Amino acid sequence: MKKKILSIVTATLMLACVLTGCGGKEGGTVATDGSTSMEKVIGALGEAFEGENDGVTFTYNPTGSGTGITAVAEGRCDIGLSSRALKDEEVQKGLTGTILAYDGIAVIVNPENPIADLDVETIAKIYTGEITNWSEVGGNDGEIVLIGREANSGTRDGFESITGTEDVCKYRQELTSTGDVITTVANNPNAIGYASVASVKDTVKAISVNGVAPTDETIKDGTYQIQRPFVLVTKTDAELSETAQEFYDFCFSEDAKSIIESAGVVPAN
Amino acid sequence: MKNKVKTMELVVHGIFLILGLITVAAVLLISVYLIISGIPAIKEIGFFEFMFGKEWAPTVSESKFGILPFILTSVYGTAGAILLGTPIGFFTAVYLAKMASPRVKRIVSAAVSLLAGIPSVVYGLVGMLVLVPAIREFFDIPDGASLLAAIIVLSVMVLPSIIKVSLTALEAVPREYEEGSLALGATPVETYFRVSVPAAKSGIAAAIVLGVGRAIGEAMAVIMVSGNVANMPSLFESVRFLTTAVSSEMSYATAGSLHQQALFSIALVLFVFIMLINATLNFFLKRQKEE
């Protein structure tokens, strides 16, 4: 019932917007650039925004958090996308980050691996090389193969900062995309890796952390511990173009919440 | 009338000159850009520390920028690929040039051309899904992504360059040389290896150098099979090449940071390597022409 009222109200508001002409100028563009992990959520938001505003073009350039932040600083895009919080030096350069959503990072193992639950400390010990055999944590006898991402990757940054293993992980492989990590873990019975919860496929098994499985609910209520923010990056002292500002506001509107949720991540506000 | 033709000639000449200069401009632009953006980090880190440092840890608070592991990996990887690829490529070329029937030659040549046309990402994918697990099981090691996997993939990738250039050189050997040898009573195989091959040796050397260039510049295929960790090279360990060091971290490096500048410096080092290889190639090609 409540939902129905809400949708009627939204529909009325949208109709009002169309009638009064506040639905955005024709032909405006919004350019976004950055984190490949945010592809799903920003793509869905962009599509919905384009659908609601005729003639508006939305673009997304999947380059990586670092490149996205640079692009917005250099004015090559309207909104930068980062899957890590901004560093102090980046804030000092005149950039502002606003958290759009939270993304859970799943710890994945091969489906053949009997391990189903680890706590954060054990995961940290595995990644720092203190524990090197699956039998030490109750699994089969086999040397643990650590799969990770390259330095400065948003996912690696998120994983290492949450588990407290910054720059001390003893990786066997440093791969350059989430897809590569999943493929590699799916192909090696002794591998362990990490990837966005939203991108985990059936070819690998996402284990629970401290007894909590990575689901929408547990990421939302914070009981699943390994999660990171998805950040929209803008210039602090420059105003967005009219269309870009509308998109920005749209991202934090009530309507956007369900879109963000459907992309597999948890809205921040 | 004559004047008009002359003007037309001049215009066409000018257009062609401009088109030619575009290529030169591209080369100059890339070289100058690489040198300008690659020098600062080397200066800041120190030449010896950069080239001979054994540790690469760009994001740690006390960051270390030593690229010796990448240089050695690239050298070992390329050497391994050439060591494996040269005998196969060389004998294939001799066989195709001198012994194969026209039909076999046509089929094999087509296969070699196809091999050259396969995108490197496909080599990488097959290596990742087939070769890496196979190495893991065959050698009974925890993970198959290693220098060995990269060497095997690269050795297949250098085959087309080695075969094609050697083949051309062998076919260019004057018939009279071989006929003379045969007339003196040498067998065909003796003739091929004692006469044809020595006569074509500069061309074959050029083929190998071309293979070296192909192997050292490859990034996409090796990034998928080598594990990509900045270890000192070892056959069964995960390693990172010069090319993959640049490509794997460039998209995430903070702009203007020493880390990003150091990646440009790595590219500069790679560029110098390729220049040296090209100079060697030109040397062999020139000698072949003179012969």
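To find a chain, count down the sequence lines: A is the first, B the second, and so on, and within it residues start at 1. Note that the structure is a prediction, hence the values are computed from the model and not measured.
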S.K.: Please round to the nearest 0.5 Å and tell me the distance separating atom CG of Asn190(A) and atom CD1 of Ile141(B).
M.R.: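 Here the interatomic distance stands at 12.0 Å.
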S.K.: Taking the side chain from Asn228(B) and the backbone from Leu175(A), do they hold a donor-acceptor pair closer than 3.5 Å?
M.R.: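 No: the side chain of Asn228(B) does not pair with the backbone of Leu175(A).
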S.K.: Please find the pair of heavy atoms, one from Asp143(B) and one from Gln173(A), that lie closest to each other, and give the distance.
M.R.: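 Result for this residue pair: OD2-NE2, 2.7 Å.
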S.K.: Output the option from Ala57(B), Ala145(B), Ser146(B) having the highest count of non-hydrogen pairs under 4.5 Å with chain A.
M.R.: Ala145(B)
S.K.: Check whether any side-chain heavy atom of Pro142(B) sits under 4.5 Å from a side-chain heavy atom of Val145(A), and report yes or no.
M.R.: yes
S.K.: Listed by residue number, which members of residues 37-54 of chain B have a heavy atom under 4.5 Å from any heavy atom of chain A?
M.R.: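 Listed by number, there are no contacting residues, so the answer is none.
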S.K.: Using side-chain heavy atoms (C-beta onward) and a distance below 4.5 Å, is Ser248(B) in contact with Arg149(A)?
M.R.: no
S.K.: Hey, could you give me the CE/OG1 distance between Met128(B) and Thr184(A), rounded to the nearest 0.5 Å?
M.R.: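 Result: 3.5 Å between the selected atoms.
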S.K.: Surrounding CZ of Phe271(B) (heavy atoms of other residues, nucleotides or ligands, distance under 6.0 Å), is the total greater than 12?
M.R.: yes
S.K.: Non-hydrogen atoms of chain A under 4.5 Å away: do they reach the side chain of Glu137(B), the backbone, both or neither?
M.R.: neither
S.K.: Please tell me if the side chains of Arg136(B) and Pro189(A) come closer than 4.5 Å, counting only heavy atoms from C-beta onward.
M.R.: yes
S.K.: Quick check on Glu47(A): does its CD atom have over 12 non-hydrogen neighbours (other residues, nucleotides or ligands) under 6.0 Å away?
M.R.: no
S.K.: Under 3.5 Å, is there a donor-acceptor pair between the side chain of Ser238(B) and the main chain of Arg172(A)?
M.R.: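 Side chain of Ser238(B) to backbone of Arg172(A): a pair is present.
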S.K.: Test of understanding: with side chain to side chain contact (heavy atoms under 4.5 Å, CB included), list the residues that count as partners of Leu72(B), not counting sequence neighbours.
M.R.: Leu68(B), Tyr76(B), Met232(B), Pro233(B)
S.K.: Between Asn187(A) and chain B, with a heavy-atom cut-off of 4.5 Å, which part of the residue counts as in contact: side chain, backbone, both or neither?
M.R.: both
S.K.: Atom CZ of residue position Phe139(B) - does it have more than 12 heavy atoms of other residues, nucleotides or ligands inside 6.0 Å?
M.R.: yes
